[in-house]
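Working notes, beginning with the structure itself.
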Amino acid sequence: MSTDRERTQSSSSIEYFVAGCFGAAIAGAAGFAASYWMDLGIRYEGLSAAVALGALTLGLGVWANTTLERVDVVQEREPLGSTHDERRDVIEGFERGERRMQRRRLLAGMAGSSLVAAALAALFPLRSLGPRPDHELSRTAWRRGTRLVDDDGKPIRPDDLEVGTALTVYPEGVTDPAQRAAAQTVLIDLGAAATAASTRPDWAVDHCIAFSRVCTHAGCPVGVYQPETRQLMCPCHQSLFDVTDGAKPVFGPASRPLPHLPLGVDDDGNLVARGDFGEPVGPGFWNR
Amino acid sequence: MGRRTDDEGRPRRRRRTLSGRLVRGIDDRLGAASFTSKVLGKVFPDHFSFLFGEVVLYSFIVLVATGVYLSLFFDPSSHKVLYHGSYVPLQGQSMSAAYASAVDLSFDVRAGLLFRQVHHWAALVFMAAIVAHVARLFFTGAFRKPRDLNWYLGSTLLLLGLANGFAGYSLLDDLLSGTGLRIMWSVILSIPFVGPSLAFFAFGGAFPGEQIISRLFIVHVLIVPAAIAAIIGAHLAIVWRQKHTQFRGPRATEDNVVGSRLWPAYAARSIALLFGVATVLVLLGAFIQINPIWLYGPYDPTAATTAAQPDWYMGWLEGALRLMPPGHAVIFGVTIPNLFFPAVLLPGVSFVLLYAWPVIERRITKDRDCHNLLDRPRDRPWRTGLGAGVFTFYTVLFVAGGNDVLASELGLSVNAMVIALRVILIVLPVLVGLGVWKWCRDLRRADPPPDPETDAALERSDVPVTVGDDTS
């Protein structure tokens, strides 16, 4: 009998512990309510909620592992497949419907085709999701004579830039976010020596040269200019473009040069575009 | 305390338990007693690795609970608003209503930041638990017939989890997530023939458009979660019907299940795990900052980000994009951009192989039997070696997703890092695969699997066994 009593006693002390855990969970819940009510912030909210949930975890875990059954139970598995007779009954059940028809193949074929037709017809409204790509992928807002402006809309003269610096420019008067995103351009002052050494000196106007700022790999802004190497870097996937060699990619996954924006100077001495980029900007697509 | 007695000293009638009252009440109305008794007696095997799947389910519950709260405050709109909330550095800035409401959730909705951070952490744990679960199933051969069905459902769950995680963090329209969407646009664009049209349909026009946030929202909060819930339900129903697998043991054979009954031990442990998962997620959400969108600023398609990292489960794709050598294909005048190979082809092939694995292995082993006993990984050296190699491949890609951060930590140039990782990506999986294959063979030689003779001998020995009836 003594073993019985021991078991009763130990189990009841565990039950007190489990009850204590549930009590702590109530305290944690009250703490959460209080920290919400008093606006104590995320630390107190989270800590009190964790006390409530953690105490429940502990209580239930101890309960499960000490007072509930611990012996392994063995249960037989039945084979999953049904008996031959049961399968035959199912097949016959389906055939009951089939036998009543004279022209089974015709009916089944037409029923199937009509469902396919209905499903295909239901695809047509998906067309409303968006317009078909027109010229957005091949052209940007740059036109002959469009002035280059900075982020604040101010026109730029070639001597506004210091040698070795880059500036992000946009076509003047364009406000649409999609158009600005596609037309963003990086303007770089290479300085006299670098322009002379460049493989494309004719692209520069007063040592300034401009390229599309949309990476030809995945379309991120090519946002970092490294003046010591005269390379543009795209921070997304680390492609490097050599500005003195027609912005050809020299490292990373990018496979095409950044398109070049032909520059000119208008009568007021401001930088203007002499037309759009010579090719589609940004990432590639099948028929570019 | 003595026995309870009534006034005349007779033992008092035994009290009706809570369970008794509840069961009588329900059975009077539904007649569910016989079904329920089968349910309560259902036996589940115990092993720590069987818990990964439960962690998936419980993280999903936390995701739904926190997500519902967040959806009451989030405004999935691209309309520009001026921010006037309490986070001073952003005041007066123009931003989308989506971003503004996410910042409000972080600063001006009481407990909102806790829910946001717990939700994000729960998504990370949800995906990690799925991956751990898939690995467990693979290395123990749990995907073999009849459980190949559940392997297909689980693979779909992994795919949907990836999609919903991406949709979820893209909603907030901060600088990082907007850059992620920009890359996704380019990925869609790279698909031959249909890419440009698909991209315009998905975004409702040229990037960024004004539709994508509200469309992703309905995908993120309704379409994909409903599909995930349905798949989890079907997955569990199939586990129930087929009964759980188990490792070979003194009494565990192909034809039985050895473990705990659903009620009370297994259920209490499992509910404890639910609260345990919730506790960990709340602690992570409360004390470890995640996705501080107010520091990134609103999305601006002309703003560049540095050292940007996606959520961990997208890291392998990010790494694949970074390690891909330059170049594109032109076939019959059709350009296949560089991006297509790491961002469309690689995940496509990965998922096809994942789905097809039960069929592929069946072709190799010619084993078409049903299996209820799990393999120890060492018992199938070639499968374990292959799995280890594949796992290494994706881990190297994941590491490459942070190559710029890693390079600066190690004091290397990014270029050297990329070249080294390209080599490691090819070499290391082969080495790891061969090493693990050899290791398994050695382990198996030292500790061969028990043969059926020993099994029978063990079964004959008189170990106390409770036999549950198998009617469910």
Side-chain angles (χ1 to χ4, degrees), chain A residues 36 39 42-43 45-47 49-50 53-54 56-57 60-61 63-65 68-78 80 126 129-133 136-137 168 177-178 180-182 184 213 217-221 223-224 235-238 249 251-255 282-288, chain B residues 43 110-111 113-114 146 179 182-183 186 189 192-193 195-197 200-201 204-208 243 251 255-259 261 264-265 268-269 271-272 275-276 278-279 282-283 285-286 301-302 304-306 321-322 324 326-328 334-335 337-339 372 404 414-415 465-468 470:
Chain A
Y36 175 85
D39 198 9
I42 183 169
R43 298 267 186 276
E45 289 158 3
L47 193 63
L53 295 163
L56 274 169
T57 310
L60 281 166
W63 195 12
N65 281 331
L68 303 175
E69 63 175 7
R70 300 188 64 191
V71 60
D72 270 349
V73 181
V74 179
Q75 202 168 52
E76 295 303 310
R77 290 177 197 267
E78 290 170 331
L80 281 170
L126 288 180
L129 280 174
R132 279 175 66 85
E136 290 96 335
L137 291 175
T168 307
R180 274 172 78 87
Q184 58 181 307
R213 197 166 168 269
H217 173 233
C220 295
V224 182
C236 279
H237 306 102
Q238 289 94 39
F251 190 79
S255 313
F285 48 96
W286 68 281
N287 58 349
R288 63 172 299 281
Chain B
V43 172
R110 215 179 271 190
L113 183 61
L114 181 67
T179 304
R182 181 71 176 91
I183 296 170
S186 307
L189 203 64
F193 306 113
S197 296
F200 271 68
F201 284 2
F207 182 86
K243 296 196 170 75
R251 280 165 289 149
D255 306 316
N256 66 13
V257 192
V258 179
R261 283 198 189 93
R269 270 201 292 270
I271 297 169
F275 288 117
T279 308
V282 168
L283 284 174
T302 63
T305 50
T306 49
L321 259 63
R322 292 180 182 204
M324 183 69 195
H328 55 258
V334 173
T335 303
N338 182 284
L339 201 50
N372 296 317
D404 48 343
V414 174
N415 301 20
V465 174
T466 323
V467 177
D470 174 49

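Order of the sequence lines fixes the chain letters, A, B, ..., with proteins taken first and strands second; residue numbering starts at 1 for each chain.
Evaluation of the ring pair (Phe, Tyr, Trp, His ring centres under 6.0 Å) rule for B/Phe200 yields B/Trp185 as partners, not counting sequence neighbours. Taking the side chain to side chain donor-acceptor pair (under 3.5 Å) definition, one finds that A/Gln184 meets it with A/Arg213, sequence neighbours left out.
Between A/His237 atom NE2 and B/Met324 atom CE the span is 13.0 Å, to the nearest 0.5 Å. Distance check: A/Glu76 CD to B/Lys243 NZ gives 9.5 Å after rounding to the nearest 0.5 Å. Put simply, CG on B/Asn372 and CG on A/Leu80 are 7.5 Å apart, with the number rounded to the nearest 0.5 Å. Annotation: the span from B/Asp255 atom CG to A/Gln75 atom CD amounts to 13.5 Å, rounded to 0.5 Å. Within the model, atoms CD1 of B/Ile271 and CG of A/Leu60 stand 6.5 Å from one another, a figure rounded to the nearest 0.5 Å.
When all heavy atoms of A/Asn65 and B/Arg269 are compared, the pair lying nearest together is OD1-NH1, 3.0 Å. Across A/Ala64 and B/Ala265, no two heavy atoms sit closer than the pair CB-O, 3.9 Å. The minimum heavy-atom distance linking B/Val43 with A/Val73 is given by the pair CG1-O, 3.6 Å. Across every non-hydrogen atom of A/Pro177 and B/Pro301, the tightest pair is O-CG, 4.4 Å. Between B/Ser186 and A/Pro283, the shortest heavy-atom distance links the atoms OG-CG, 3.2 Å. Here the closest heavy-atom approach between residue A/Ser255 and residue B/His328 is recorded as CB-ND1, 3.5 Å.
Without hydrogens or angle criteria, A/Glu136 side chain to B/Ala206 main chain gives no donor-acceptor distance under 3.5 Å. For B/Arg322 (side chain) and A/Cys236 (main-chain N/O), a donor-acceptor pair under 3.5 Å exists by modelled atom type.
For A/Pro133, the parts lying under 4.5 angstrom from a heavy atom of chain B are both the backbone and the side chain. With a 4.5 angstrom heavy-atom cutoff, A/Gln238 touches chain B only via side-chain atoms. With a threshold of 4.5 angstrom between heavy atoms, B/Pro196 approaches chain A through its backbone and through its side chain. Both the backbone and the side chain of B/Pro326 come within less than 4.5 Å of a heavy atom in chain A. Using a 4.5 Å cut-off between heavy atoms, A/Phe285 touches chain B through backbone and side chain atoms alike. For B/Phe201, the parts sitting under 4.5 Å from any heavy atom of chain A are the backbone and the side chain alike.
Of the listed residues (B/Val414, B/Val334, B/Asn338, B/Leu283), the greatest number of heavy-atom pairs within a distance under 4.5 Å of chain A belongs to B/Asn338. With respect to chain B, the highest number of heavy-atom pairs below 4.5 Å among A/Gly61, A/Cys220, A/Gly130 belongs to A/Gly130. With chain B as the partner, the residue from A/Ala49, A/Gly223, A/Gly54 showing the most heavy-atom pairs under 4.5 Å is A/Gly54. Top candidate by heavy-atom pairs under 4.5 Å with chain B, chosen from A/Leu56, A/Leu126, A/Asn287, A/Asp39, is A/Asp39. Considering only heavy-atom pairs separated by less than 4.5 Å from chain B, the leading option among A/Ala178, A/Gly282, A/Ala181, A/Ala254 is A/Ala178. Contact count versus chain A (heavy atoms, under 4.5 Å) is highest, among B/Leu113, B/Ile183, B/Val257, for B/Val257.
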